[in-house]
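Data block below; observations after.
All values below come from the heavy atoms of this structure, side chains included, with hydrogens, waters and symmetry mates left out. Letters A, B, ... are given to chains in the order of the sequence lines, protein chains preceding strands, and every chain is numbered from 1.
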There are 2 protein chains.
Amino acid sequence: MAKQTHSSAALQQTADLLHSASIRILRRIRRADEATGLSGPRLSALSVVVFRGPLSIGELAAAEQVRPPTISRMIKDLEYEGFVLRRASPDDGRVQLVSATAAGRRLLERGRRRRVQELSALLEVLPQRERQTVRAAAEILLRIAT
Amino acid sequence: MAKQTHSSAALQQTADLLHSASIRILRRIRRADEATGLSGPRLSALSVVVFRGPLSIGELAAAEQVRPPTISRMIKDLEYEGFVLRRASPDDGRVQLVSATAAGRRLLERGRRRRVQELSALLEVLPQRERQTVRAAAEILLRIAT
DNA sequence: GATAATATTTAGCTTAGCTAAGGAATATTT
DNA sequence: AAATATTCCTTAGCTAAGCTAAATATTATC
């Protein structure tokens with residue numbers, strides 16, 4: 001019973017630590033992303049288009065966990081700015097298929113490089129053993145957190 | 001040289017994994033936070049007020065990495081809703097000191113409990129060894145990521 | 001005492017989220 | 001085959017949360 005209690009308290013502490021760590025990691029990354037000139041939500045949407053595209057507005061909205069009108073407007077802007085293309089689906093006239101332009105791909109790749117650099121710089125100061133711990137944890141978390 | 005290259009590629013992979021993991025963790029937490037009825041930014045500001053308060057609008061803005069007008073408006077609303085109080089500083093008539101009400105503390109505590117529960121539930125499925133890996137990684141990251 | 005600096009607020013803009021409602025295309029029912 | 005229902009997207013209009021610039025009030029400095 002004492003063991004149980006202790007374990008649950010430890011779990012809560014871990015949860016707290018994980019929470020804070022995640023917030024700080026993403027704050028770092030946001031800084032790198034700003035350099036691309038695209039906001040977080042747009043960059044995220046573009047990323048889905050690049051890696052999973054071509055896909056419909058509805059699919060993109062689902063992937064971004066956002067309502068279709070939000071994506072509709074965002075894609076309109078990204079299209080105007082030349083990062084994305086839209087065409088009617090050949091199978092279903094209601095559907096708009098979104099895909100990335102070469103400029104969109106380039107922008108995303110540049111952003112990704114910056115972002116990874118930022119995090120790599122952070123991790124670089126760690127001894128090899130700690131890097132491995134971080135990596136192992138990231139893999140574990142990706143496995144359990146959909 | 002080969003070692004160098006390999007290590008740098010591994011670092012990038014780790015950075016990528018960490019990025020994805022952080023996004024997913026915070027997505028989970030957001031869901032729990034929604035149940036409090038306060039948005040992320042407001043909850044975050046309230047949290048600073050509860051744990052570091054009383055403090056000035058400017059200090060709060062700095063803590064939240066946001067401009068003073070953003071906080072000024074948010075605090076006005078939180079005050080109206082009864083979660084926060086404002087009074088002039090006795091030392092400096094320009095500054096407004098913000099502190100939490102009992103209702104504010106209760107709300108935050110309830111939110112924190114939900115959030116930790118959500119994460120704990122996630123971590124609970126892990127064997128003890130993996131939990132320790134996650135915890136160790138969180139501690140490492142907190143140490144290096146300001 | 002006049003001027004400069006600082007803290008906050010107000011005003012007005014943008015982006016990104018939402019719901020509700022409308023139009024066009026497709027699917028279903030009779 | 002026609003009528004009806006559903007689906008996909010867009011438009012319109014709202015809110016929250018960020019920003020800058022400018023106004024106000026207080027404190028600090030010369």
Side-chain angles (χ1 to χ4, degrees), chain A residues 23 26-27 30-31 33-49 53-81 83-99, chain B residues 23 26-27 29-31 33-49 52-81 83-99 107 111:
Chain A
I23 286 176
L26 288 187
R27 186 176 293 161
R30 190 160 315 136
R31 216 181 303 156
D33 282 351
E34 275 163 15
T36 64
L38 281 196
S39 68
R42 294 173 106 151
L43 213 47
S44 175
L46 181 58
S47 158
V48 173
V49 172
L55 78 182
S56 74
I57 297 285
E59 287 165 341
L60 186 48
E64 291 297 87
Q65 301 188 280
V66 134
R67 302 290 172 182
T70 300
I71 293 297
S72 180
R73 185 172 35 184
M74 216 149 71
I75 289 300
K76 187 185 71 186
D77 295 345
L78 287 174
E79 185 179 30
Y80 181 75
E81 291 158 20
F83 299 125
V84 123
L85 276 180
R86 216 174 352 182
R87 64 174 198 285
S89 163
D91 304 339
D92 187 334
R94 292 168 300 183
V95 170
Q96 296 283 314
L97 290 177
V98 183
S99 48
Chain B
I23 286 175
L26 288 187
R27 186 176 293 161
I29 285 171
R30 191 159 315 136
R31 215 179 306 155
D33 283 350
E34 276 163 15
T36 62
L38 282 195
S39 67
R42 294 173 106 142
L43 213 47
S44 175
L46 181 59
S47 157
V48 173
V49 172
R52 259 177 269 176
L55 78 181
S56 75
I57 297 286
E59 287 165 341
L60 187 46
E64 290 298 87
Q65 301 189 281
V66 134
R67 302 291 171 180
T70 300
I71 292 297
S72 179
R73 185 172 36 185
M74 214 149 74
I75 288 300
K76 187 186 71 186
D77 294 345
L78 287 174
E79 185 179 29
Y80 181 76
E81 292 158 21
F83 299 125
V84 124
L85 277 180
R86 216 177 349 185
R87 65 172 197 285
S89 163
D91 303 339
D92 185 336
R94 293 169 299 184
V95 329
Q96 296 284 312
L97 290 178
V98 184
S99 49
L107 183 71

>> By the definition side chain to side chain contact (heavy atoms under 4.5 Å, CB included), identify the one residue from B:V48, B:L78, B:V98, B:L60 that meets it with B:I71.
In response: B:L60
> In whole Å, what is the span from the CD1 atom of A:I57 to the P atom of D:dT7?
Replying inline: 18 Å
> Roughly how many Å is it from CG in B:L60 to C1' in C:dT9, rounded to a whole number?
Replying inline: 15 Å
> Of the nucleotides D:dA16, D:dG18, D:dA12, which one has an atom closest to the side chain of B:S39?
Replying inline: D:dA16
> Does a side-chain N or O from B:R30 land closer than 4.0 Å to OP1 or OP2 of C:dG17, or not?
Replying inline: no
> Can you tell me how far C1' of D:dC8 sits from CG of A:D91, to the nearest Å?
Replying inline: 14 Å
> Separation of B:E64 atom CD from D:dC19 atom P, in whole Å?
Replying inline: 11 Å
>> With a 3.5 Å distance limit and no angle check, can you tell me whether A:E64 reaches the backbone of A:A45 through a side-chain donor-acceptor pair?
In response: yes
> Taking CD from A:Q96 and C1' from C:dA24, how many angstroms apart are they, rounded to a whole number?
Replying inline: 11 Å
> Which distance, rounded to the nearest 0.5 Å, do you find between the OG of B:S56 and the CZ of B:R94?
Replying inline: 11.0 Å
> To the nearest Å, how far apart are A:I75 CD1 and D:dC8 C1'?
Replying inline: 15 Å
>> For D:dC8, give the paired nucleotide (Watson-Crick: N1-N3 plus N6-O4 or O6-N4; G-U: N1-O2 and O6-N3; both under 3.5 Å), or none.
In response: C:dG23
> Do any side-chain nitrogens or oxygens of A:T70 fall under 4.0 Å of OP1 or OP2 in C:dC18?
Replying inline: yes
> Which whole-number value in Å describes the distance from A:R67 CZ to D:dT11 C1'?
Replying inline: 18 Å
> Given that A:P90 and A:M74 both sit by DNA chain C, which one's nearest nucleotide is further toward the 5' end?
Replying inline: A:M74
> Atom NZ of A:K76 and atom P of D:dA12: how far apart are they, to the nearest Å?
Replying inline: 9 Å
> Picking from C:dA11, D:dA17, D:dT10, which would you name as closest to the side chain of B:R42?
Replying inline: D:dA17
> Taking C-beta and beyond as the side chain, do B:D33 and B:L38 meet within less than 4.5 Å on heavy atoms?
Replying inline: no
>> Do B:V66 and B:M74 make a side-chain contact, defined as non-hydrogen atoms from C-beta onward lying under 4.5 Å apart?
In response: no
>> Categorize B:P41 for me: base, sugar-phosphate, or nothing, with a 4.0 angstrom heavy-atom threshold over every strand shown.
In response: sugar-phosphate
>> On DNA chain C, compare the nucleotides closest to A:Q65 and B:S72; which residue's is nearer the 5' end?
In response: B:S72
> Of the nucleotides C:dT19, C:dG12, C:dG17, which one has an atom closest to the side chain of B:R73?
Replying inline: C:dG12
> Looking at the side chain of B:D92, which of D:dT26, C:dT8, D:dA17 is the nearest nucleotide?
Replying inline: D:dT26
>> Using only modelled atom types and a 3.5 angstrom limit, is any donor from either the side chain of A:R94 or the base of D:dT7 paired with an acceptor on the other?
In response: yes
